[in-house]
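Single-structure report; data block below.
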There are 2 protein chains.
Amino acid sequence: MARTKVGRERVARKPGRKGASEVGVDAYRLLRQAIIAGRFVPNERLVEANLSKVLDAGRTAVRAALVRLDQEGLVTREHNRGARVRLVSDDEALQIEEVRAALERLLARQAAAKASSSDIRELRQVIVEMRKCFANGDAIGYSELNPRFHQLIWTAAKNPTAGRLVGTLKSQSLRFQYQTMLRPGRTERSLREHELIFSAIVAHDPEAADGAMRDHLEEVLENLRWAIGNKGRPPQWLPD
Amino acid sequence: MARTKVGRERVARKPGRKGASEVGVDAYRLLRQAIIAGRFVPNERLVEANLSKVLDAGRTAVRAALVRLDQEGLVTREHNRGARVRLVSDDEALQIEEVRAALERLLARQAAAKASSSDIRELRQVIVEMRKCFANGDAIGYSELNPRFHQLIWTAAKNPTAGRLVGTLKSQSLRFQYQTMLRPGRTERSLREHELIFSAIVAHDPEAADGAMRDHLEEVLENLRWAIGNKGRPPQWLPD
DNA sequence: ATCCTCAATAATGTCGACAATCCGGGCTGT
DNA sequence: ACAGCCCGGATTGTCGACATTATTGAGGAT
């Protein structure tokens, strides 16, 4: 009865707090976003007490988040030595990208087989916007459309297993992605490749979708190799 | 010095305990093995207190293990509702198998490109043993050789990223695997397919390895579909 | 009889405390 | 001067305690 625990004020950790969201999952998402956004230097130590304050969550929640992120490959944990943000080497980035390519091919194939008309409508929408960005020379707008296009394919494929996997892979190699669109003329080719994938899906032709996605990601991989080769030099536009 | 804490007996939780191993990782491995081995009914509730006693680990360790296994897809956790062993539906099993096929194709390709002579030696060893098992009609021996063959390919491919992924996928769908070898004549075909993969790797022909692995896993997938179609009926040999 | 309410129970989520461990810096002995 | 040792600070790992939440079952009102 009315055991309104007065003993320990469960006073909100901080005044403004979304009531509906849980603490643990929040800590996980926040930390994940922070890592993906590159707000930590690679190999930086993640001290639980600090994160606890910064994320405004108990150490327990931080701990759970670190365990998840470890399993996810975004941080490494050594016994009694804490957690660090994981540094993915160049070789690893290539491996990850290869795996991602294999999965995206599968997803493109399945998307072509199973895409609903609403899936196709949304894809078309993105393609239209991409064309606009290209016409306006808006390279960064284009870059932001890119992941949306791929995500739509994942949902169209209706294969959540593969979708989750590709998502985590992408988050691991995201740091390398910013270099991929700097090459002159890359945007135009990319647009054409995306259009090919799209039309294959519209035509419900799995074979063609697979091939188009293969070509596209082969191109991306080639770019990545090039970017890694040019490492150390500051990334810069080569004005055409 | 010699702060040999007597206050709280850290006496081994149970008499026989490997000193070098840590508790947490042990709990994880044990629970994982138990789930994979099918020692739980699908959808069975995993009560932390019970596991704590059974696994002989603190509740904290159990908790961490559950978080990991959740991320790995072997259990599901609902907030304030605990964890259950995850039941993978038939559809999901098919999806998983499709993803696995895509990854194994990649691995076969890379194995053909990069296999060292010692890798090849070990693979040959397994093939020889497989032939023996087939000749003796030892179907279960053959079944146990199967995963070893594939694992050797993963190591030969030298792509730990893909290897880990395939490993977790396999653990998720392991429950469905026992049905795959029951079909009459399956063993012989399987052996031939494995031999084809092997010779492609020996010849360092990535394209052929990819194709052979594709054919092999297409066959496996077909078997899985058949097995799922025949569900409910008790699995039984059809004597030829 | 059926549905609603509400307490008892069981399990999870979270926190604080403390031990175990690692790391860096100073001290000592040769 | 230099190597090795040892200690103190900092950080992680683990445990127990307790609040919170879902669930179950009994009892009462309609």
Side-chain angles (χ1 to χ4, degrees), chain A residues 1-14 17-31 40 43-71 75-85, chain B residues 1-14 17-31 40 43-71 75-85:
Chain A
M1 57 293 290
R3 69 239 104 70
T4 49
K5 82 298 162 221
V6 183
R8 288 199 70 265
E9 287 305 324
R10 169 150 305 303
V11 51
R13 304 171 186 293
K14 263 185 184 167
R17 192 160 191 76
K18 301 190 296 182
S21 61
E22 306 146 26
V23 184
V25 57
D26 259 21
Y28 166 68
R29 279 185 205 282
L30 282 175
L31 186 50
F40 296 96
N43 238 341
E44 177 172 347
R45 258 191 98 177
L46 295 174
V47 180
E48 295 178 0
N50 288 354
L51 297 177
S52 182
K53 272 179 301 220
V54 173
L55 301 176
D56 182 36
R59 211 162 70 98
T60 308
V62 172
R63 223 163 156 60
L66 288 176
V67 171
R68 279 184 82 170
L69 292 169
D70 175 35
Q71 195 73 13
V75 311
T76 58
R77 285 165 29 109
E78 285 176 279
H79 189 56
N80 275 331
R81 220 172 285 196
R84 309 170 165 277
V85 322
Chain B
M1 68 283 284
R3 171 154 351 288
T4 49
K5 80 295 170 233
V6 184
R8 289 200 68 266
E9 288 305 324
R10 169 153 301 305
V11 53
R13 303 170 188 293
K14 265 185 182 167
R17 192 159 192 78
K18 300 191 296 181
S21 62
E22 305 144 28
V23 184
V25 54
D26 258 21
Y28 166 69
R29 280 185 203 282
L30 282 175
L31 186 50
F40 294 97
N43 237 340
E44 176 172 349
R45 258 190 97 176
L46 294 174
V47 180
E48 294 178 1
N50 289 353
L51 297 178
S52 183
K53 274 180 299 220
V54 172
L55 300 176
D56 183 34
R59 208 162 71 99
T60 307
V62 172
R63 219 157 161 56
L66 288 176
V67 171
R68 281 184 80 171
L69 292 170
D70 174 36
Q71 194 73 10
V75 311
T76 58
R77 284 165 30 109
E78 286 176 278
H79 188 59
N80 274 331
R81 220 171 283 195
R84 309 172 165 276
V85 323

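- At whole-Å resolution of the value, CZ in B:R84 and P in C:dT12 are 11 Å apart.
- A heavy-atom distance below 4.5 Å is not found between the side chains of B:L69 and A:Q71.
- When the nucleotides D:dT11, D:dA22, C:dG13 are ranked by their closest atom to the side chain of B:H79, C:dG13 comes out on top.
- Within the 4.5 Å cutoff, the side chain of B:V54 has no heavy atoms near those of the B:L30 side chain.
- When heavy atoms are screened at a 4.0 angstrom cut-off, A:L46 is found touching the sugar-phosphate backbone but no base atom.
- Picking from C:dG13, C:dC22, D:dT14 the nucleotide with the shortest atom distance to the side chain of A:N80 gives C:dC22.
- Put simply, CZ on A:R63 is 8 Å from C1' on D:dT14, counting in whole angstrom units.
- Across D:dG13, C:dA11, C:dG13, the shortest atom-to-atom separation from the side chain of B:V47 is found for C:dA11.
- Put simply, CG on A:L51 is 13 Å from C1' on D:dT12, counting in whole angstrom units.
- Of the candidates D:dT23, D:dA17, C:dC22, the closest approach to any side-chain atom of B:R59 belongs to D:dA17.
- Rounding to whole angstrom units, CZ of residue A:R45 and P of D:dT11 are separated by 7 Å.
- Side-chain contact between A:R84 and A:E44 is absent, with no heavy-atom pair separated by less than 4.5 Å.
- Counting to the nearest Å, the P atom of D:dT14 and the CG atom of A:L66 are 14 Å from each other.
- Atom C1' of nucleotide C:dT14 and atom CZ of B:R77 are separated by 13 Å, given to the nearest angstrom.
- Proximity note for A:R81 (side chain, C-beta onward) versus C:dC22, C:dT14, D:dG13: the nearest is C:dC22.
- For the pair B:E78 CD and D:dT21 C1', the computed distance is 13 Å after rounding to whole Å.
- Between B:V67 and B:R77 the shortest side-chain heavy-atom distance falls below 4.5 Å.
- Checking C:dT14, D:dG13, D:dT11 against the side-chain heavy atoms of A:T60 singles out C:dT14 as nearest.
- Within the 4.5 Å cutoff, the side chain of A:F40 has heavy atoms near those of the A:L31 side chain.
- Computed from coordinates, the A:E48 CD to C:dC22 C1' distance equals 14 Å when rounded to whole Å.
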